[in-house]
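Have a look at the structure below before the remarks.
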Amino acid sequence: MDSSKRQQIIDELIVAYWMEIETVMSYLANSTNLDGVRAEEIKKSLAADVTAELGHAQSLARRIKTVGGIVPGSLKFKASQASLQPSQDTTDVVTVIKGVIDAEEGAITQYNKIIKICDGIDYVTQDLAITNLADEEEHRREFVGFLAEYEKRS
Ligand SMILES: [Fe+2]
Ligand SMILES: [Fe+2]
């Protein structure tokens with residue numbers, strides 16, 4: 001692998017790593033903040049996803065290290081998940097569901113990017129990105145289903 005390709009892969013793994021870390025923060029907050037009967041399933045699902053997303057972050061950190069990069073420290077973190085900020089209305093489940101779909105789509109786009117740049121060059125990173133991509137597609141599908149139901153009931 002030439003060094004510019006290797007650096008590009010490390011850079012994109014770090015982008016994915018920060019997305020996962022921010023998703024952990026956002027899902028942790030939203031799985032706690034919501035109120036009401038209609039929020040219960042969403043809270044449970046998000047609480048379970050905190051663990052899944054943290055697992056993704058750990059898998060990315062390991063791979064960054066293995067391919068010669070350095071897992072960045074917290075001072076390098078820049079937040080971007082505007083649509084997952086807690087609302088003043090803690091019963092506003094639909095806004096949270098839409099924010100989750102945005103976050104999952106962001107991750108799906110990033111993993112697809114990694115899969116493409118790794119093609120023919122780094123099959124282990126590609127395999128990791130495919131595994132995580134499959135999880136994110138399942139998360140997105142679950143929340144698209146929630147959205148269909150919650151929009152009907154509201
Ligand atoms: Fe994830
Ligand atoms: Fe996810």
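Everything quoted here is computed from the prediction, not taken from an experiment. In listed order, ligands and their atoms are each counted from 1. Counting from 1, the numbers follow the sequence of the chain as shown.
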**OP:** Run the numbers on Lys152 and Glu149 for salt bridge (charged side-chain N to carboxylate O under 4.0 Å, His left out), then give the verdict.
**Re:** CA-CA 5 Å; Lys152 205 193 294 174; Glu149 184 190 3; over 6 Å; no
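Sorted by first and then second residue, the ring pair (Phe, Tyr, Trp, His ring centres under 6.0 Å) pairs involving residues 60-85 (not counting sequence neighbours) are Trp18-Phe77.
Not one N or O on the side chain of Glu20 forms a donor-acceptor pair closer than 3.5 Å with the backbone of Ala16.
Residues Glu151 and Lys98 are paired through a salt bridge, judged by an N-O separation under 4.0 Å between the basic side chain and the carboxylate.
Taking a cut-off of 2.8 Å, the protein N, O or S atoms nearer than that to the Fe ion (ligand 2) are Glu53 OE2, Glu104 OE1, Glu104 OE2, Glu136 OE1, His139 ND1.
Under the 4.5 Å side-chain criterion, counting only non-hydrogen atoms from C-beta, Leu60 is in contact with Leu128.
Between the CZ atom of Phe143 and the CD atom of Glu138 there is a distance of 13.0 Å, given to the nearest 0.5 Å.
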